[in-house]
Amino acid sequence: MILLGAVGGVLAVGGMLYTRNTSRTNHVSLSESAKRVSTIAAVSHPFQGTRRYVGTVEPWVEASIGPQLVSAYVATVLVRPGAIVKHNDVIATLDCRNTSAISKQVAEQARALDAMSTAAANESTRINSLLQGKYVSQNEAESKQADAASKQAQVAALRAQLASTTLQVDDCVLRAPFDGEVSERNMDPGAFARPGSQIVSVVDRHLVRIATDVPEDDFDAVAPETPVRLHLLATGRDVVAKISRRSPAADRETRTAHIEIDVEDTSRVMPVWTTAEISLDVGAPIPATAIPLSAASVHGTKASIFVVDNATARLEVVNLVGETGGSLFLDPRALPAGANVVTEGRTVLSDGDAVATATDKWVPDEAAK
C-alpha cells in the first residue's frame, strides 16, 4: 500500500510538471505569428515647394577709418565700439607736428616767391616800356620777361605743394564720413599708423542687407520682389521681406547668383555680419498625401512603404512628390488619405506579413505650424 501510494504520488507530480511545461510551449511558428508594429493614418496635405538658403546680415554702409597719406603715431582715439557718431565728428587724431611744420615752411616759401614774382613782373613791365624808346635792348627785355614767367611757375609749383601738405595735415584729423555706429576699434593712442591702417570701423544700420548666393537652378525662383521669410539667428527674430535685387550674371567659378534683401532697421537692433536663414515658396501647391519621413525608404523619385490592410502588411512603391522637414509627400492616387502606414517595426517586415498594430497620431510639420 505504501509503495503504491508513493508511486501514485510521483506519477501525479510528474503529470503536473509535464502539463505545466507543455502549456507554455508555442505551437505556432514565428513566421506565422503577428508582428507588432506602429502605424499612422496618412494625411491629405498639399505640398508647397520651398527653398532655404543661408545669408549674411550686412550693413548698408561700412567704412574703415584711418590715414590715407601720412604715417604717424596715434595721438587720441575718442570712440569705442557701440558709440554713435554723426557726420564729420572727430573720431581720432594723429601726431603730425612734422607734417604741420613742413606745411608752414612751404607756405612761407610760397609767400616769399610770390613777392619776388610780383617784383619781377613789375620790372619786366617797366623794361618793356623803355623798349619802345630803345633805351634797352630786345634781349634784355625778353630776359626779364622770361624771369618773371619763371617766378610765376615756381609760385604755382609751391602752391601745388602747399595743397598736398595741407591734405596731409587734414589727414591727421580723422572724422566720421556718415552717421553711424562704431563697430571696431583696432588701435589705441601710441600705436603707429600707416596709410591704409584701420583705426576704427563705422557702420550704418538704418537699413541692412541680407546677402547670399543661390544655385543657378534657382535663378528664376529668386526674381526681385519675390516674398521671402527671414530668421535671424542672433536675435531669433522672424521677418517677412522681398528680394530687392538679383545679379544678372552668375559667378564664373561657383555658378551661383548673388541676391540681396533690404530690411529697414530704424531701431538698429539687427547685429550685422551675423547669419540669417532665408526661405521662400516655389511654384503652386500640389495635392499630396503626407506621411512621416521615417515611414519610407526613398530611392530617387520612389518611396517604399508598408500599408496595413486587414492585419496584413503590404509593400507599396509610390511616386514621391516632395519632402519638407520630417514629412514626406506622396502621390495621392497611389496612397489615399487615411491609409494605415507602418512607422515603427517596418525594418523587420516582409510583404504579406501578419501584423498587430498600434495606431499613433501624427500631423505634417507644416500643418503643425
For [X] against [Y], the heavy-atom pair lying closest together:
| X | Y | result |
| --- | --- | --- |
| E62 | S201 | OE2-OG, 3.3 Å |
| V74 | A193 | CG2-CB, 4.1 Å |
| P67 | L174 | N-CD2, 4.2 Å |
| A221 | L280 | O-CD1, 3.9 Å |

Let me see the working for V341 and R346 under side-chain contact (heavy atoms from CB on, under 4.5 Å), right down to the final yes or no. CA-CA 9 Å; V341 180; R346 55 183 301 274; over 6 Å; no
Should the ring pair H45 and F329 be called parallel, tilted or perpendicular, given that the plane angle runs from 0 to 90° and is split at 30 and 60? tilted
Applying side-chain hydrogen bond (donor to acceptor under 3.5 Å, both in side chains) as the test, list every pair that has at least one member in residues 280-296; sequence neighbours left out. R229-D281
Value rounded to 0.5 Å, distance of [atom1] in [X] from [atom2] in [Y]:
| X | Y | atom1 | atom2 | result |
| --- | --- | --- | --- | --- |
| E323 | L328 | CD | CG | 6.0 Å |
| L330 | F47 | CG | CZ | 11.0 Å |
| T256 | E216 | OG1 | CD | 9.0 Å |
| S327 | I291 | OG | CD1 | 9.5 Å |
| Q198 | I65 | CD | CD1 | 9.0 Å |
| I210 | L230 | CD1 | CG | 5.5 Å |

Going by the rule side-chain contact (heavy atoms from CB on, under 4.5 Å), which residues pair with F178 if we only count those two or more places apart in sequence or in a different chain? V61, A63, V202, D204
Does H258 have any side-chain contact (heavy atoms from CB on, under 4.5 Å) partners at least two apart in sequence or in another chain, and if so, which? A211, D213, S247, E260
Backbone N or O of [Y] within a donor-acceptor pair of the [X] side chain at under 3.5 Å?
| X | Y | value |
| --- | --- | --- |
| R209 | W60 | yes |
| E225 | R245 | no |
| R205 | R268 | yes |
| T254 | D251 | no |
| K35 | D353 | no |
| D351 | L315 | yes |
| S244 | D262 | yes |
| D331 | R333 | yes |
| R185 | V79 | yes |
| D265 | V208 | no |

Dump the intermediate steps for side-chain contact (heavy atoms from CB on, under 4.5 Å) on V214 and F219, then the final yes or no. CA-CA 7 Å; V214 304; F219 187 81; over 6 Å; no
Report, as yes or no, whether the 6.0 Å neighbourhood of atom [atom1] on [X] holds more than 12 heavy atoms from other residues, nucleotides or ligands.
| X | atom1 | answer |
| --- | --- | --- |
| I84 | CD1 | no |
| E264 | CD | no |
| F192 | CZ | yes |

Is there side-chain contact between [X] and [Y], with heavy atoms separated by less than 4.5 Å?
| X | Y | answer |
| --- | --- | --- |
| V355 | V342 | no |
| Q48 | P46 | no |
| V307 | L335 | yes |
| L94 | I199 | yes |
| P215 | Y53 | yes |
| R246 | T226 | no |

Between R314 and D309, is the closest basic N to carboxylate O distance under 4.0 Å? no
Side-chain donor-acceptor contact under 3.5 Å, D179 with H87: no
Do S38 and T343 meet the criterion of a side-chain donor-acceptor pair at a distance under 3.5 Å? no
Take T357 and N340, measure what side-chain contact (heavy atoms from CB on, under 4.5 Å) needs, and give me the verdict at the end. CA-CA 9 Å; T357 62; N340 289 326; over 6 Å; no
